[in-house]
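Heads up, the thing below is written out as structure tokens.
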Number of protein chains: 2
Amino acid sequence: MENQKKIPKPVIKRLGLYYRCLNRLSDEGIDFVASKDIAERLGIKSSQVRKDLSYFGEFGKRGVGYNTYELMTKLEKIIGVNKYWNVIVIGAGNIGTALVNYEGLRKEKFSIIGIFDADRSKVGKKIGKLTIKHISELEDFFKKNIVEIAIIAVPENAAQMMVEKLENLGIKGFINFAPIKLRTKLPVEDVDITLSFKSLTFKIDRELK
Amino acid sequence: MENQKKIPKPVIKRLGLYYRCLNRLSDEGIDFVASKDIAERLGIKSSQVRKDLSYFGEFGKRGVGYNTYELMTKLEKIIGVNKYWNVIVIGAGNIGTALVNYEGLRKEKFSIIGIFDADRSKVGKKIGKLTIKHISELEDFFKKNIVEIAIIAVPENAAQMMVEKLENLGIKGFINFAPIKLRTKLPVEDVDITLSFKSLTFKIDRELK
DNA sequence: TAGATTGTTAATCGATTAACAATC
DNA sequence: TAGATTGTTAATCGATTAACAATC
């Protein structure tokens, strides 16, 4: 229920953290939890937890806290991981291969159902249970499968072209590993581990925390 | 030169983006660049570029812009990637293995010089040019090598213990892949790809950009 | 009831941006 | 000089936090 107020970007990032935290609490057999407890585990303020949740509804009981399982289920729906998402990987290089092998994704409701590469010498090779397909097979693949998310793991110069092709085929969003800003009207999440390393060295040199 | 004013967190994140952008411009043979051009490539405002840079000095020429190579070199020093950093990986699972194989890190001045695991059945196996060592060999390894950064790629329950061990051995900072908040006085950068996926599905469901 | 904790408001804090004098 | 673009100030915008009435 409730307001269609604009959700601040930092809140979106924290939703996943809350969800993860609730999962842990649930595993630990904790049935009720106060915003203060969640905040402590995540190293933030309890008022921030309450404020963030308030964008989506009223999930707590005053004087008591939140029902762990109930809030977890609510967050699951809000984030959209109450169902499996079909994902394809574009680019069977180092990153693409690693992602297909990474079982963590599937656990979090993301199923990689295909991997594609432009290099014909890679086509036909197996990665886990998947066989690398050629880029030219994409169109056909979209006809036979529901594909929602594409992981862009191709070199920089090929990324934008692939994005346009996939947009035309009806993809819904991108996880982008190419070190470039993608031009698209669809949602994109950029991932660049080397940027994290650079933030770290900056902090180390300045003795920041 | 200049002020020891506090650097806003978002600025730290953008430094790497600026550096990357300057690298491209340099490759493209562009000798001078205006803040407007940098901003356009990154999808931000030119005043933000100028303001961000101003925390570290005056690098431009009015009416002209910035000398690409010069600014790149300055940023390199500011970020701290004007030298190589020695990195070890803790945990030879999926993520740890992928990182050792990922040549992108070395290109960005991060050399992985060791990988460690608690599982003795993995010890002795090769990943690229490295041989997996047992956790118990860490102390000795620190005596024989300069180790600055540790990548935590072990399961959640082992992460905090490893952090404390490494802190005692004199590590300077952590890249953390464990889905947990590490308690340490040293700088940490958390990396969690599944969080990016969750932000994406949230946006897809709400038709946000 | 007494104690605890929510949901929300208002105050504070921090980051972004427009605007412009300085100057190449 | 005329035009362009910086570096910086001040205004705006957005996010966090403290505080507290509501209520379990």
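Both backbone and side-chain heavy atoms feed into the values below; hydrogens, waters and symmetry mates do not. Every chain is numbered from 1 and lettered A, B, ... according to where its sequence line falls, protein lines coming before strand lines. Please read these numbers as outputs of a predicted model, since none were measured by experiment.
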Problem - Flag, side chain of Glu108(B) to backbone of Leu105(B), donor-acceptor distance under 3.5 Å - result: no

Using a cut-off of strictly less than 4.0 Å, decide whether [X] has a side-chain nitrogen or oxygen near OP1 or OP2 of [N].
X        : N       : result
Arg50(A) : dC20(D) : no
Tyr66(B) : dG7(D)  : yes
Ser35(B) : dT6(D)  : yes

Atom [atom1] of [X] and atom [atom2] of [N]: how far apart are they, to the nearest Å?
X        : N       : atom1 : atom2 : result
Asn67(B) : dT6(D)  : CG    : C1'   : 15 Å
Lys6(B)  : dA15(C) : NZ    : C1'   : 10 Å
Lys36(A) : dA4(C)  : NZ    : C1'   : 11 Å
Gln48(A) : dG7(C)  : CD    : C1'   : 15 Å
Ile12(B) : dT16(C) : CD1   : P     : 12 Å
Ile38(B) : dG7(D)  : CD1   : P     : 11 Å
Tyr55(A) : dT6(C)  : OH    : P     : 17 Å
Glu58(A) : dA21(D) : CD    : P     : 18 Å

Exercise for the section: On DNA chain D, check which nucleotide each of Lys51(B) and Lys61(A) is closest to and give me the residue with the more 5' one. Expected result: Lys51(B)

Completion exercise
Walking DNA chain D from its 5' end, the first of Lys45(A) and Pro8(A) to be reached, judged by nearest nucleotide, is Pro8(A)

Practice task
Classify the nucleic acid contact of Phe32(A) as base, sugar-phosphate or nothing, counting any heavy atom under 4.0 Å across all strands shown.
Solution key: nothing

Handout entry: Nearest heavy atoms of Ile152(B) and Ala159(B), plus distance in Å
Key = CG2-CB, 3.9 Å

Practice task
State whether the distance check finds a donor on one side and an acceptor on the other, under 3.5 Å, for side chain Arg62(B) versus base dT6(D).
Solution key: yes

Practice task
First locate atom NZ of Lys198(B), then atom CG of Leu17(A), and finally report the distance between them rounded to the nearest 0.5 Å.
Solution key: 9.0 Å

Handout entry: Out of dT5(D), dA18(C), dT16(D), whichever nucleotide has its closest atom nearest the side chain of Ser47(B)
Key = dA18(C)

Exercise for the section: Could you please name the partner base of dT17(D), counting Watson-Crick and G-U wobble pairs only when both distances are under 3.5 Å? Expected result: dA10(C)

Practice task
With a 3.5 angstrom cut-off on both distances, give the Watson-Crick or G-U wobble partner of dT5(D), or none if there isn't one.
Solution key: dA22(C)

Practice task
Please check if any side-chain donor atom of Asn94(A) sits under 3.5 Å from a side-chain acceptor atom of Glu103(B), or the reverse.
Solution key: yes

Exercise for the section: Decide whether a cation-pi geometry holds between Lys74(A) and Phe59(A); the criteria are a distance under 6.0 Å from NZ or CZ to the six-membered ring centre and an angle within 45° of the ring axis. Expected result: no

